[in-house]
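Letters A, B, ... are given to chains in the order of the sequence lines, protein chains preceding strands, and every chain is numbered from 1. When reading the values below, keep in mind they use all heavy atoms of this one structure, side chains included, and skip hydrogens, waters and symmetry mates.
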Amino acid sequence: MPREYTPLEQVRLEKIRQLREMGIEPYPNRSNRTHTTQQAIEAFLEAERAQQPGPTVTVAGRLRAVRQLGRITFAHIEDGHGRIQLAFQADVLGKDRLKFFNKMFDIGDFLEATGPLFRTRTGEITVRVEDFKMLAKAITPLPAEKRTKHTPFSDPELRYRQRYADLAVHPEVREIFRTRAAIVRALRNFLDAHGFLEVETPILQPLYGGAAARPFITYHNELEQFLYLRISFELYLKRLLVGMFERVYEIGRDFRNEGISFKHNPEFTQLEFYVAYWDYFTLMDFVQEMLRHVAREVLGREQFTFQGHTIDLAQPWPRIPLRQAVLDRTGIDVAEHPDGESLYQAMRAKGIQPPRPAPRGKLIDWLLSTYVEPELIQPTFIYDYPRDISPLAKSKPGDPNTVERFELFIGGMELGNAFTELNDPLDQEQRFLEQGRAFAQDDEERHPMDEDYLQAMRYGMPPNAGFGMGIDRLTMLLTDRPSIREVILFPHLRPEEGTRRPPVGIEPLMRALQQFQREKPASGENREA
RNA sequence: GGGCGCGUAGCUCAAGUGGCAGAGCAGCGGCCUUUUAAGCCGUUGGUUGGGGGUUCGAGUCCCUCCGCGCCCA
């Protein structure tokens, strides 16, 4: 059932009724637009240069402002390209038609108007309306119909819940998403130009992997199979290297069943690519070039402002070992602490209190994100990471606790993550087993054993390096937005009170779960060896 | 998960230590043929997020639930 209509909406419903009574369809099937607002203005300027009279056009769009002055009414309509002014004059249309417009058309309605273009006394290019037609009557008034300085539409909750209204009244919000599309386009162009193949790998996966994150779980009724929404593309893209593709990339959605913050949304867009015969240092050079390219394509320059900081991609990007970065900011040399217990004691001795004792890698990661990451405003590569939180990265020769991995930070955020990829199937199997031992059984962030991935690797995987990057965060940087929600069209929010519904079609899943519970001891999926 | 803050008309916001719920914009009725946040006159509109409590009296104080924001894990 629809909600109750507000008094303002009832006024407009009454107008719909009256239009129909007059034989006028308030939602006709077709428009006869001949010009966008932009094309109309260009056509007028061309005629003006040729000293021709203004051409007659039919424009269409949403009514955004109305000024009634008695025997003339000025209005502005907006379409996807801009705005144009309409003049409804009694001595052109007749008094009755003018009155009809004034009474029946409201801000927010879509309409089309036909007439010759002219300049008003103040010089604005305007349609002298000879005919007009309702295209779609709006029932709910747009928030902040008048774009006044005093009453902007700014309630963040309403802006995200009703993004359509946000977009309808905020051209600058529409611009964010045009920029976002330009960023993705620039990335594709760059990768395609460098011989990469764009691929699509499963979103529904029998086993999740490739990152440390908790997954969403779903269920296929016909196959009677539990499935996960992917948390990364990594393991499938690397299977493709076994299949002799040398350079592959995917741009798509990842899903992580975790908290929501200014830089986290449960679903987000990721770029990952893998290159045979490269290592992580080759990648650093390439990533640097790629992001400079994107900035040039999207912004036209390699400098931009993010939250008051001027970020310059053209400057050299520092490369700092993780050990050094943590030592500089905390005075702790993680290399002196080969296990979690020792490192934990060292942190406490410095008065640094992590939330809880944890494995060595997790403690180092906590030090990194707490003391180092927020300081890294200019693009910076931090490299050489703890082995125990990087089960898919190749060890650094001669340093068993460290792997060849880097993360890229810009604007105080982690933007990308990369390794020289582990391609030794025996080492990989050991890593999976270590994950099973080092992490608690109920720690969903531990990387599960993936036997099929090992099988792929046993056929031989070329040495390679891979990179992953959050498109949403890159968009935040290039559009200077403080929150990931500003760059996601429909960010996730809690359901409003009264809109929670019982799930539809959940019965097969419930039956399967009960069955699974009964059979668990004998046939648990995803068992560790 | 924890801390702080917020929720009042369609939108943006007011409303001393508890004392008649208001303004601008929009809406509705008028006047006005060159406006650009048009102007002028008049006017409608509220379960103050939901529920409970204290009180003669609650937007305001207390409890609880819901949602949102910021900070922390």
Side-chain angles (χ1 to χ4, degrees), chain A residues 3-15 18 63-78 83-95 97-99 101-109 118-129 138-162 165-166 168-170 214 258-264 307 352-358 362-363 365-367 369-371 373-374 412 445 482-486 491-500:
Chain A
R3 61 177 167 78
E4 248 178 74
Y5 288 104
T6 65
L8 270 70
E9 291 169 329
Q10 284 172 20
V11 169
R12 301 212 182 174
L13 286 171
E14 173 60 17
K15 290 179 183 178
Q18 289 174 14
L63 195 55
R64 290 304 308 272
V66 177
R67 297 174 292 280
Q68 295 178 22
L69 282 83
R71 293 175 64 79
I72 187 167
T73 294
F74 288 101
H76 271 97
I77 59 164
E78 179 176 353
R83 290 183 177 212
I84 197 164
Q85 180 166 259
L86 311 177
F88 297 81
Q89 290 170 265
D91 50 14
V92 173
L93 290 163
K95 271 172 79 171
R97 284 288 279 167
L98 176 60
K99 190 173 177 190
F101 175 79
N102 288 339
K103 293 285 170 200
M104 303 306 276
F105 284 67
D106 292 288
I107 290 167
D109 295 351
F118 73 107
R119 278 192 195 271
T120 62
R121 196 173 289 171
T122 55
E124 180 161 353
I125 298 166
T126 301
V127 179
R128 192 185 306 278
V129 177
I139 294 172
T140 305
L142 283 171
E145 298 183 314
K146 295 216 152 181
R147 292 182 51 74
T148 67
K149 291 165 194 160
H150 305 296
T151 66
F153 165 40
S154 56
D155 176 16
E157 182 176 355
L158 198 58
R159 284 188 50 229
Y160 299 146
R161 278 196 204 286
Q162 301 193 5
D166 184 33
V169 302
H170 291 137
R214 291 153 65 195
E258 300 184 334
I260 294 174
S261 82
F262 75 95
K263 54 182 179 179
H264 295 93
Q307 301 301 296
I352 292 171
Q353 185 63 60
R356 65 189 76 82
K362 282 199 170 188
L363 290 175
D365 195 46
W366 182 83
L367 287 169
S369 56
T370 306
Y371 294 95
E373 176 172 350
E445 285 195 3
S483 164
I484 198 168
R485 288 178 165 180
E486 291 290 329
H492 187 77
L493 297 176
R494 282 190 174 79
E496 282 178 289
E497 201 179 359
T499 62
R500 285 205 178 88

N/O donor-acceptor pairs under 3.5 Å from side chains in residues 84-95 of chain A, not counting sequence neighbours:
{"from": "A:Q85", "atom 1": "OE1", "to": "A:R67", "atom 2": "NH2", "distance (Å)": "2.8"}
{"from": "A:Q85", "atom 1": "NE2", "to": "A:T126", "atom 2": "OG1", "distance (Å)": "3.0"}
{"from": "A:Q89", "atom 1": "OE1", "to": "A:R128", "atom 2": "NH1", "distance (Å)": "2.7"}

Using atom [atom1] in both nucleotides, what's the gap between [N] and [M] to the nearest angstrom?
{"N": "B:C71", "M": "B:G24", "atom1": "C1'", "result": "34 Å"}
{"N": "B:G50", "M": "B:U43", "atom1": "C1'", "result": "32 Å"}
{"N": "B:U60", "M": "B:C70", "atom1": "P", "result": "26 Å"}
{"N": "B:C28", "M": "B:U47", "atom1": "C1'", "result": "24 Å"}
{"N": "B:G42", "M": "B:A23", "atom1": "P", "result": "13 Å"}
{"N": "B:G18", "M": "B:U44", "atom1": "P", "result": "32 Å"}
{"N": "B:G19", "M": "B:A58", "atom1": "C1'", "result": "10 Å"}
{"N": "B:G51", "M": "B:A37", "atom1": "C1'", "result": "42 Å"}

Query raised in the report: How should the glycosidic conformation of B:G16 be described, syn or anti, under the criterion that syn lies within 90° of 0?
Result: syn
Of the nucleotides [options], which has the atom closest to the [X] side chain?
{"X": "A:P156", "options": "B:G27, B:C68, B:U36", "value": "B:C68"}
{"X": "A:I107", "options": "B:G27, B:U36, B:G30", "value": "B:G27"}
{"X": "A:F262", "options": "B:U34, B:C28, B:C71", "value": "B:C71"}
{"X": "A:R494", "options": "B:C68, B:G29, B:U34", "value": "B:C68"}
{"X": "A:F118", "options": "B:U34, B:A26, B:C68", "value": "B:U34"}
{"X": "A:K103", "options": "B:G27, B:U36, B:G30", "value": "B:G30"}

Could you tell me the separation between the [atom1] atom of [X] and the [atom2] atom of [N], rounded to a whole number of Å?
{"X": "A:I77", "N": "B:U35", "atom1": "CD1", "atom2": "P", "value": "21 Å"}
{"X": "A:Q85", "N": "B:U35", "atom1": "CD", "atom2": "P", "value": "10 Å"}
{"X": "A:E157", "N": "B:C68", "atom1": "CD", "atom2": "P", "value": "6 Å"}
{"X": "A:L158", "N": "B:U12", "atom1": "CG", "atom2": "C1'", "value": "12 Å"}
{"X": "A:Q162", "N": "B:C68", "atom1": "CD", "atom2": "C1'", "value": "14 Å"}
{"X": "A:F74", "N": "B:U34", "atom1": "CZ", "atom2": "C1'", "value": "4 Å"}
{"X": "A:R64", "N": "B:U35", "atom1": "CZ", "atom2": "P", "value": "22 Å"}
{"X": "A:L98", "N": "B:U34", "atom1": "CG", "atom2": "P", "value": "13 Å"}

[N] - base-pair partner by Watson-Crick or wobble geometry, distances under 3.5 Å:
{"N": "B:A73", "answer": "none"}
{"N": "B:C6", "answer": "B:G67"}
{"N": "B:U55", "answer": "none"}
{"N": "B:A23", "answer": "B:U12"}
{"N": "B:G39", "answer": "B:C31"}

Query - Between A:T140 and A:E9: side-chain donor-acceptor atoms closer than 3.5 Å - result: yes
Query raised in the report: Cut-off 3.5 Å, side chains only: do A:E14 and A:Q18 have a donor facing an acceptor?
Result: yes
Query raised in the report: Would A:R159 and A:E486 pass as an ion pair if we require N to O under 4.0 Å?
Result: yes
Any donor-acceptor pair under 3.5 Å joining the side chain of [X] to the base of [N]?
{"X": "A:T120", "N": "B:U35", "answer": "yes"}
{"X": "A:E124", "N": "B:U35", "answer": "no"}
{"X": "A:R67", "N": "B:U35", "answer": "yes"}

Requested in this report: Might you work through the side-chain contact (heavy atoms from CB on, under 4.5 Å) test for A:V66 and A:F105, ending with a clear yes or no?
Outcome: CA-CA 9 Å; A:V66 177; A:F105 284 67; over 6 Å; no
**Report entry** Comparing A:P7 and A:R71 on RNA chain B - which has the more 5′ nearest nucleotide
**Finding:** A:R71
Query raised in the report: Closest nucleotide of RNA chain B for A:H492 versus for A:G259: which of these residues is on the 5' side?
Result: A:H492
Requested in this report: Scan A:K95 against the nucleic acid and name what it touches under 4.0 Å (heavy atoms): base, sugar-phosphate only, or nothing.
Outcome: nothing
Requested in this report: Spell out, as yes or no, whether a donor-acceptor pair under 3.5 Å connects the side chain of A:K103 to the backbone of A:K15.
Outcome: no
Query raised in the report: Is there side-chain contact between A:R64 and A:R83, with heavy atoms separated by less than 4.5 Å?
Result: yes
